[in-house]
Number of protein chains: 4
Amino acid sequence: MGRPRDSRVDEAILAATRSLLAESGYAGLTVDAVAERARIGKAAIYRRYATKQEMVFAAAVHSVDLPPPPDTGSLLGDLTVLVQEIVDHVTTPVAAAAIPGLLADIRSSPELAARFRDAFVTVQQAGLAELLGRAVARGELPSSPDVDLVHALVAGPVFATVYLQNRSPDGLAERLGRIVAAALTGV
Amino acid sequence: MGRPRDSRVDEAILAATRSLLAESGYAGLTVDAVAERARIGKAAIYRRYATKQEMVFAAAVHSVDLPPPPDTGSLLGDLTVLVQEIVDHVTTPVAAAAIPGLLADIRSSPELAARFRDAFVTVQQAGLAELLGRAVARGELPSSPDVDLVHALVAGPVFATVYLQNRSPDGLAERLGRIVAAALTGV
Amino acid sequence: MGRPRDSRVDEAILAATRSLLAESGYAGLTVDAVAERARIGKAAIYRRYATKQEMVFAAAVHSVDLPPPPDTGSLLGDLTVLVQEIVDHVTTPVAAAAIPGLLADIRSSPELAARFRDAFVTVQQAGLAELLGRAVARGELPSSPDVDLVHALVAGPVFATVYLQNRSPDGLAERLGRIVAAALTGV
Amino acid sequence: MGRPRDSRVDEAILAATRSLLAESGYAGLTVDAVAERARIGKAAIYRRYATKQEMVFAAAVHSVDLPPPPDTGSLLGDLTVLVQEIVDHVTTPVAAAAIPGLLADIRSSPELAARFRDAFVTVQQAGLAELLGRAVARGELPSSPDVDLVHALVAGPVFATVYLQNRSPDGLAERLGRIVAAALTGV
DNA sequence: AACTAATCGAGACGGTACGTCCGGTCTTGCA
DNA sequence: TGCAAGACCGGACGTACCGTCTCGATTAGTT
């Protein structure tokens, strides 16, 4: 009962958070600044999110509903597309700013860590599982391998390139797709 | 001239930082707490490190002088040892707490980012380069591949498993060593 | 036209305000707490009172229609009764909590200040004027003195005892009645 | 040990508080505004005063070391001077703004209430006691009366005039001095 | 019986102040 | 000059409260 939440406020918060993430980065992001830019009160933010981290999570990882990777006809093609999707997502200014900060902060919040995994890792793994199932159906793979391992093999190098080496992931998708496909098919 | 720095102070700072990192994590670490536990003044810290990040960096990534991987006689063996070394380092409580935090904070400090890369990435890549050279000399590889890519392929999955999936990297070294070796030799 | 105000709501607001004043004091009183205790919405309060101060004013000073002091037959007796009435009112838990708070807040609201004076000071002065008139009629006083001054002389010491010295006003009425009567009759 | 408090900071806080009290009143006074005007951090304020009330108390009631009233040679004269001193203090812009607010807020803080009494009431009573002692020595009074009562009789009407009736206390000192002297000497 | 208009409880809203905390700097007196 | 202690500025945090507004549901009086 009572007055319902104003959905324009929800959107204003997320939009302000995203634009400030892109401008100031994760460390420079302030709840007061978000409230000011969104032209709302801080209470409206804390009514929705218990902490700054949850707000950033909602703004940056919200619905990473990356659509199921299209069937390209081959494991190699499917993997390349999936890696490229991860690369595209990770190089978004908002995600690029938010993800390292979130990865750091979730280590002191198991609850948020679980939600991050659900929204980020699990979604990627779902696409991956479908892709691998197709490869098995095609006869390219004898049986579907450990999804956790393959996911680490696919997402890990992207993260290492972008966040550890601090290099551009240009051309990474094809090279990584080829390598992972080769490793899986054992050829 | 004047009074020389007390090396016991250096050690007390690093020890206090490490123990607090393990206890409270990166986000819960405060410079005041380090000073109190080390029974020193804050000025003694800031005389040595310009920022909290540098202090953590010094305490957690200090001299990752992981020794050149021993020659096991095969690319597969060498890679497995290298991956295991990375796994061992990353699963240290101190490193596990510090690395995500540092990866987040260095995004607003190119200077520290460069030092982090030098101390962390470059060291790993040096070991990797030597290892690959040996494989070329043995005839296992026709020519030494792109070190950045191989490094991403080796370190990335470890990071993804530990920091993204939040899983234990037990048994990862053998599996990953085998996969990367296979991908490199094209078999 | 439209739905008429529910008088039970009026009473619930005032009762809740009084009980919370007695429990939490003026500073600890919140409009939300009043609404919750009265089991009404905040809008019902602000439909009646423009500010929290007006609500407290209505609840604590409402109709201090202290009845005209009974004619005891002498100036001394009449004054003693009047002082006792002021003491009784001021030591009410609700009034004791509300009056200092109102006296503080009305300094930034001339409108409420005027209403406070009308309801509180003027009422006391009316009783005082009648009392003094009777004394003149009796021949105890040659002419009626300045009511403001006599009021200050009568109400002031009560306030000083209760709010400045924070002491109990027990026995104050007789002593103060005697002193003021003596000062007025010049004996 | 450690760095000592900077007395210029103390003074800056008090000066800023006083000027803001005079400008904005008690209700409009903000700790942030004090910090900004004093060009100091809020921590420097809260290191000295636990609450806003204590800060205002220190700034407005600080050392009301009203000097012992000069001996005018008569009880009437001495009382008139004392009342005038109270009037002068109470009509100071700073005190006028602070005292009602403090009187309201101390009702929820027995600790501050005691300190207020010590610094404000007790000081006035000390002067009063000396004055009464002189009157006894002169033979104007048979014995020194109850100081609490006389204080209420002296300070109360001033407060009633200024804070209840909201009138100017011009000329109050002589009139009140005469009345209290008459009441005490019983003439 | 429908319509109108103001009420009601509930609770979200913008704004603003609170008191706490932390990072990085500065200032004591002592060694 | 280094050191422990601790005060300093600046600024963000999350909480609380005020007075306003918005919802859906009553509840009269008016057609």
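Chain naming here is simple, since letters A, B, ... match the order of the sequence lines and numbering starts at 1 in each.
The residue among D:Leu29 and A:Ile40 whose nearest nucleotide of DNA chain E lies closer to the 5′ end is A:Ile40. The residue among C:Ala50 and D:Ala38 whose nearest nucleotide of DNA chain F lies closer to the 5′ end is D:Ala38. Of the two residues contacting DNA chain E, namely A:Arg5 and C:Val9, the nearest-nucleotide position lying further toward the 5' end is that of C:Val9.
Taking A:Arg37 as the reference, A:Ser19, A:Glu23 meet the side-chain hydrogen bond (donor to acceptor under 3.5 Å, both in side chains) condition, with sequence neighbours excluded. With sequence neighbours excluded, the residues satisfying side-chain contact (heavy atoms from CB on, under 4.5 Å) with B:Ser108 are A:Ala27. Taking the side-chain hydrogen bond (donor to acceptor under 3.5 Å, both in side chains) definition, one finds that A:Arg48 meets it with A:Asp10, sequence neighbours left out. In terms of the side-chain hydrogen bond (donor to acceptor under 3.5 Å, both in side chains) criterion, residue partners of C:Arg8 (sequence neighbours excluded) are, by chain and number, C:Asp6.
In B:Glu111, the CD atom is crowded: over 12 heavy atoms of neighbouring residues, nucleotides or ligands sit closer than 6.0 Å.
When the side-chain nitrogen and oxygen atoms of C:Tyr46 are compared with OP1 and OP2 of F:dT20, none of them lie within a distance under 4.0 Å. Contact between the side-chain N/O atoms of C:Thr30 and the OP1/OP2 oxygens of F:dC17 is not found at any separation under 4.0 Å. The side chain of A:Arg48 contributes an N or O atom lying less than 4.0 Å from OP1 or OP2 of E:dC13.
Between D:Phe116 and D:Leu103 there is a side-chain heavy-atom pair separated by less than 4.5 Å. Residues B:Tyr163 and A:Arg107 are in side-chain contact: their nearest non-hydrogen atoms beyond the backbone lie under 4.5 Å apart. When side chains are defined from C-beta on, D:Thr30 does not count as touching D:Val34, because their heavy atoms never get closer than 4.5 Å.
Rounded to whole angstrom, the span from the CG atom of B:Leu20 across to the C1' atom of E:dC22 amounts to 15 Å. Rounded to a whole Å, the CG atom of B:Asp6 is 15 Å from the C1' atom of E:dC30. Note: CG (A:Asp10) to C1' (E:dA12) measures 11 Å, nearest angstrom. Between the OH atom of A:Tyr49 and the P atom of E:dA12 there is a distance of 14 Å, rounded to whole Å. Summarising the geometry, the separation between CG on D:Asp32 and C1' on E:dG15 is reported as 14 Å, rounded to the nearest angstrom. Atom CE in D:Met55 sits about 8 Å away from atom P in E:dC18, given to the nearest Å. Separating the CZ atom of D:Arg37 from the P atom of F:dG10 is a distance of 16 Å, rounded to the nearest angstrom. In this structure, the CD atom of C:Glu36 is 16 Å from the C1' atom of E:dA12, given to the nearest Å.
Once rounded to the nearest 0.5 Å, the distance linking CD of D:Glu54 with CG of D:Leu102 reads 10.5 Å.
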* Structure fact -> Its contact letters, B for base, S for sugar-phosphate only and - for none at protein heavy atoms under 4.0 Å, make nucleotides 21-31 of chain F read BBS--BB----
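Under the 3.5 Å distance criterion, with hydrogens and angles disregarded, a donor-acceptor pair is assigned to the side chains of D:Tyr26 and D:Asp105.
Counting any heavy atom pair closer than 4.0 Å across all strands shown, A:Ile45 reaches no nucleic acid atom. Residue C:Arg8 is out of contact with every strand shown, counting any heavy-atom pair closer than 4.0 Å.
Each end of the helix from E:dA1-F:dT31 to E:dA31-F:dT1 gets its own rotation axis from five pairs of C1' atoms, and the angle between them is 10° to the nearest 10 degrees.
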